[in-house]
Amino acid sequence: MLLIYCPYCEIERAETEFHCGGEAHIARPSDPEKATDDDWVEFLYMRSNTKGIAAERWRHIHGCGRFFNAVRDTVSDKFLTFYKAGDPRPDLEALAREAGK
Amino acid sequence: MSQPFRTEKGGRIDRTAELTFTFDGEEMHGYAGDTLASALLANGVHLVGRSFKYHRPRGILTAGSEEPNALVGVYRNGDQTPNIRATQVELYQGLQVISQNRFPSLGFDIGAVNDLLSPLFPAGFYYKTFMWPKAFWDRVYEPIIRSAAGLGKPPKNPDHDTYGNLYAHCDVLIAGSGPSGLAAALAAAETGASVILCDEQAEFGGSLLSENSATIDGKDPAVWVSETVARLEAMDNVTLLRRTTAFGYFAYNFVALAERVTEHLPDPDPRLPRERLWQVRAKEVVIAAGAIERPMVFPENDRPGILLADAGRTYLNRYGVKVGHRVLVATACDTAWQAAFDLADHGVDVVAIADLRESPPESLVAIAAARGIRVETGCVVTGTLGRNRIRAALLGRLMTSGKVASGGQVDCDALLMSGGWTPTVSLFSQSRGKVVWDSEAGAFVPGTSVQKERSTGAANGLYGLQATLADGYAAGEGAARAATGKSATISHSRATGGEAGNGGILGALPHDRNAARVKAFVDFQNDVTAKDVKLAVREGMQSIEHIKRYTTTGMATDQGRLSNMNALQIASGALEKPLTDVGLTTFRQPFTPTTFGLFAGVSRGDFFDPVRKTPSHDWVVDHGGLFEDVGQWKRAWYFPKDGEDMHAAVERECRIVRKSVGLFDASTLGKIEVVGPDAAEFLERMYTNPWKKLAPGRCRYGLLLNDAGYITDDGVIGRLADDRFHVTTTTGGAPSVFATMEDYLQTEWPDLDVWITSTTDQYAVAAIQGPKAREVIAPFIEGIDLSAEALPHMSVREATFCGIPCRLFRISFTGELGFEINVPRRHGKMMWDTLAGEIEKHDGTAYGTEAMHVLRAEKGYIIVGQDTDGTVTPQDAGMSWAIGKKKFDFVGKRGLERPDLKAENRKQLVGLLTRDPKVKLEEGAQVTRLEQPPIGTPAEGHVTSSYFSPALERTIALAVVKNGHALVGQTLYVPMPEGSIPVEVTGTVFYDKEGARLNV
């Protein structure tokens, strides 16, 4: 069972307190009317399904209830970092280098 | 009482406490401290089971949890638990045990004919034989396979035991309490680190409990063990878990332990659980799981009376049991010699030591000579004789040519064998670490750690008592330092004796027998022979994973612990590839078989899934109502009276609601409080409808889409104040709607100043529906004017019900005048009982979900999830009116503009009326254009709701049909096995199309 750090509660808790919300940094177009059909399909359905270092959304559903983001290596199942929703996406390549990937 | 194979003295058993037990009904005796296996051996019983496939007689092979043969059924409280390893059953007074997989008796088993027919059952037998004819699968092959499959009989009754579960955190978890495990525990504990030490056995000490040829700090090893355990026991930072198996190593140093709490007790405290699941999160893990001895693969190596050499030594030294009176020791390594010496010292006739090696160490040969033991070198066992017990072994002499010459026959009643040692890398492998080949140890040993763990001692390929002790101290210190940053200096105990020894062999041994006619077992539990592994390679299996599945070697509870290395060597030879290129199969969790009860814990029966009850629950029970499960909720379904069937009861309930009044428990509906300056803006963005202009005190039906444009939920939303809304959702949609709202609020629109709170469980809701609804509630409501003028349809007010503050909605899901009263949950029963009493005065009735469904269908109100399926748009459902066309944005708005969602030929919600008003359609039935469509014609749609409508005195149905809105008035068909049913397409509202009944 994974151990997950909630950046709002500032505490590490077991995976059972959390819910994974899929790929992070998929922003809903701010003016949907101006989005093309392709833009909208990209937003709705297209996901990168990364093998390796990926940023994903998690929610501390049985804790503070907040959404936040985490970077996880999908091969080793290890987290590299956690950050609040709205914070910029970290440099995944630099994180990968740090982790020795 | 007679225990003919018990030693005169010695062992850790309590000879003053004699115990009686039965095996297959026969009464026998043993001592406290015995396992079932040691007690059976003391009574001279080796034959304890029949093998899985060939029903060959099998005896006790090991003294530990790796036992493949001695699986028995244990009776407790009238029930039998199958497949318990006799080596792990602690003897207690009155223990009742039966053998398995035999008929009619253990000594004479009809299934043993399989052994004679074995040429018919090669590896892959199932795949080759049960191929055809196809029709035989159901009626012939499967019943035969099912009746023959498996070992033991499953218990007949539900499990009456209880199981505990607890979570634990520690700095250092140590699995295994042999020399390295105990040293590690001591070293870690002395730093002040929190330590959990677990061992699967009843006593700590592991191999030290049967070691009598070495000393630690000049003491008997068992004395050192008890002193060390006492020292650990006195420390507050140490948790000692006996009879506790670390059976699974998961991500982030999460290790699962199974503690057997009461199984060894004849009369346990009934409050105690049978087992406890420990879910441990350890900062550091020390794997001190030791090593297990390998069987030698020679013909007929499975006969009862043949044991692993170290098991023979354990039975002698720890349990005071001689495995036989005339014992042959066959070995390829040094350690088995000590077993021969110990037996000889107890007066057992060691008929010979047959060592595979040409020149075993001189020192050992000299000790054997001093005891007068015959030593044969360059010698293999080429077969054994005897029926249910070994009576003689055939010896062979290894020639320089590689061939084997007959070396005669020796009589014996037991044979101890040792092919060397295999480190127990299961937990390390489960931690996702990769093993590496250590040519010096002749074994796979743990490679680089992936998680925060370290293997120590024999589990790390290290042998010899002093070396494992020192390694254990180092592992414990290292783990504590890594976990806490602290260290401590403690004096290390030193061992003398118990040297490592050399030697070992992998794979099948050469012999001079007819290879086609002999069986040399690799995997005892799955009846896999050396021949089977070679056959699998001949038949094209290249990968070790394929060989494993084709032959079943290393499957089931063995998980390769005894069999892997020998199978690997045989496969390596057959594949003509180096052993290290063949690769190991995965060691899976659990390490040893684990009960389902342990995993289920308390989550069974009433606790399997929580039951949610409404405030009217007890009233419904008292009034003969039936319940329907809606998710976790129990909802009243219908209330049969005077022997009514469901149809009659529902019809009566519907008629009464339309004629006078009905009472319905709507507490299950999801409720969300949306509060804040931007509350209206938030709902404006979430729901399709406009909210900003909705006046406080008014309600509106809200439709919720996902961003793809499909309907996901609906419900009435009331505005209580400028900045406060009471949102209702469907019963099933409550959690997901709330989560979706949180998601958009937190991640897309964090600028909005809104708070949302789930209040589903905070309110009890009674729906009062029917022409007399106002009269029913009037006596109890204070503070507001209930008249149609003051409180029109789709209004909400705060008032009191019997003095209790309430939210009163004037809304309807039946098409009648209706009110829904929300009171705090704790007053729900009072409200229900009050209203249930009142409706009787008005000839009203309580009604259930079935009548609710009929009444709403008569009005064409959809049920999300029944009339929609996640691909229905508001236009498809005929609800374009719910869309705020002038809104800048809402969830799903852009999705609705996608070409596919505006295309022709979409399935649309319509009504269907059967030509014959008595015929009721099946929900889910397909709708077609032609009366007799040719096979392969796609359906135009399907029926989503279908009922008998008492108000219309006929059947009605809702359906989604391609281009349905354009087909109103036309005839379609619903083909059924009894013939095609003609239906007319209609609008979705069947009753009171103008809504006159709502506005009274």
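Chain A is the first sequence line, chain B the second, and so forth, proteins listed ahead of strands; every chain is numbered from 1.
- For the residue pair T484(B) / D171(B), no side-chain donor-acceptor distance below 3.5 Å is found, with atom types taken as modelled.
- A cation-pi contact, defined as under 6.0 Å to the ring centre and within 45° of the axis, is absent between R898(B) and W40(A).
- Heavy-atom distances place both the backbone and the side chain of E742(B) under 4.5 Å from chain A.
- If you measure heavy-atom distances from R59(A) to chain B, the contacts under 4.5 Å come from the side chain alone.
- When the shell of 6.0 Å around OH of Y45(A) is examined, it contains more than 12 heavy atoms from other residues, nucleotides or ligands.
- Here the rule is side-chain hydrogen bond (donor to acceptor under 3.5 Å, both in side chains) with H60(A), and of E17(A), R66(A), H19(A) only E17(A) fits it.
- K78(A) places none of its side-chain heavy atoms less than 4.5 Å from the side chain of R72(A).
- Contact of F43(A) with chain B is made through the side chain alone, with heavy-atom distances under 4.5 Å.
- For the pair L901(B)/D876(B), no side-chain contact is recorded, criterion being any heavy-atom separation below 4.5 Å from C-beta on.
- Using a 4.5 Å cut-off on side-chain heavy atoms (C-beta onward), T873(B) and R906(B) make contact.
- For chain A, no part of Y249(B) is nearby; none of its heavy atoms comes within less than 4.5 Å.
- Neither the backbone nor the side chain of A256(B) comes within contact range of chain A; no heavy atom of the residue lies under 4.5 Å from a heavy atom of that chain.
- For a residue to count as touching a neighbouring chain, one of its non-hydrogen atoms must lie under 4.5 Å from one of that chain's; by this rule N253(B) does not touch chain A.
- Between F254(B) and M1(A), the closest side-chain pair of non-hydrogen atoms falls below 4.5 Å.
- Between Y744(B) and W749(B), the distance separating the two ring centers is shorter than 6.0 angstrom.
- In this structure, chain A has a heavy atom under 4.5 Å from the backbone of E897(B), while its side chain stays farther away.
- The side-chain heavy atoms of L257(B) and L241(B), taken from C-beta on, include a pair separated by under 4.5 Å.
- Against chain B, the residues from residues 25-39 of chain A that qualify, each with a non-hydrogen atom under 4.5 angstrom away, are I26(A), A27(A), R28(A), S30(A), D31(A), P32(A), E33(A), A35(A), T36(A), D37(A) in number order.
- F888(B) touches chain A through backbone and side chain together, each having a heavy atom under 4.5 Å away.
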Next item on the list: Could you go through the side-chain contact (heavy atoms from CB on, under 4.5 Å) check for F79(A) and Y5(A) one step at a time?
Entry: CA-CA 9 Å; F79(A) 287 103; Y5(A) 175 83; over 6 Å; no

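- In this structure, the portions of L3(A) lying under 4.5 Å from any heavy atom of chain B include both its backbone and its side chain.
- For chain A, the nearby part of D889(B) is the side chain; its heavy atoms alone come within less than 4.5 Å.
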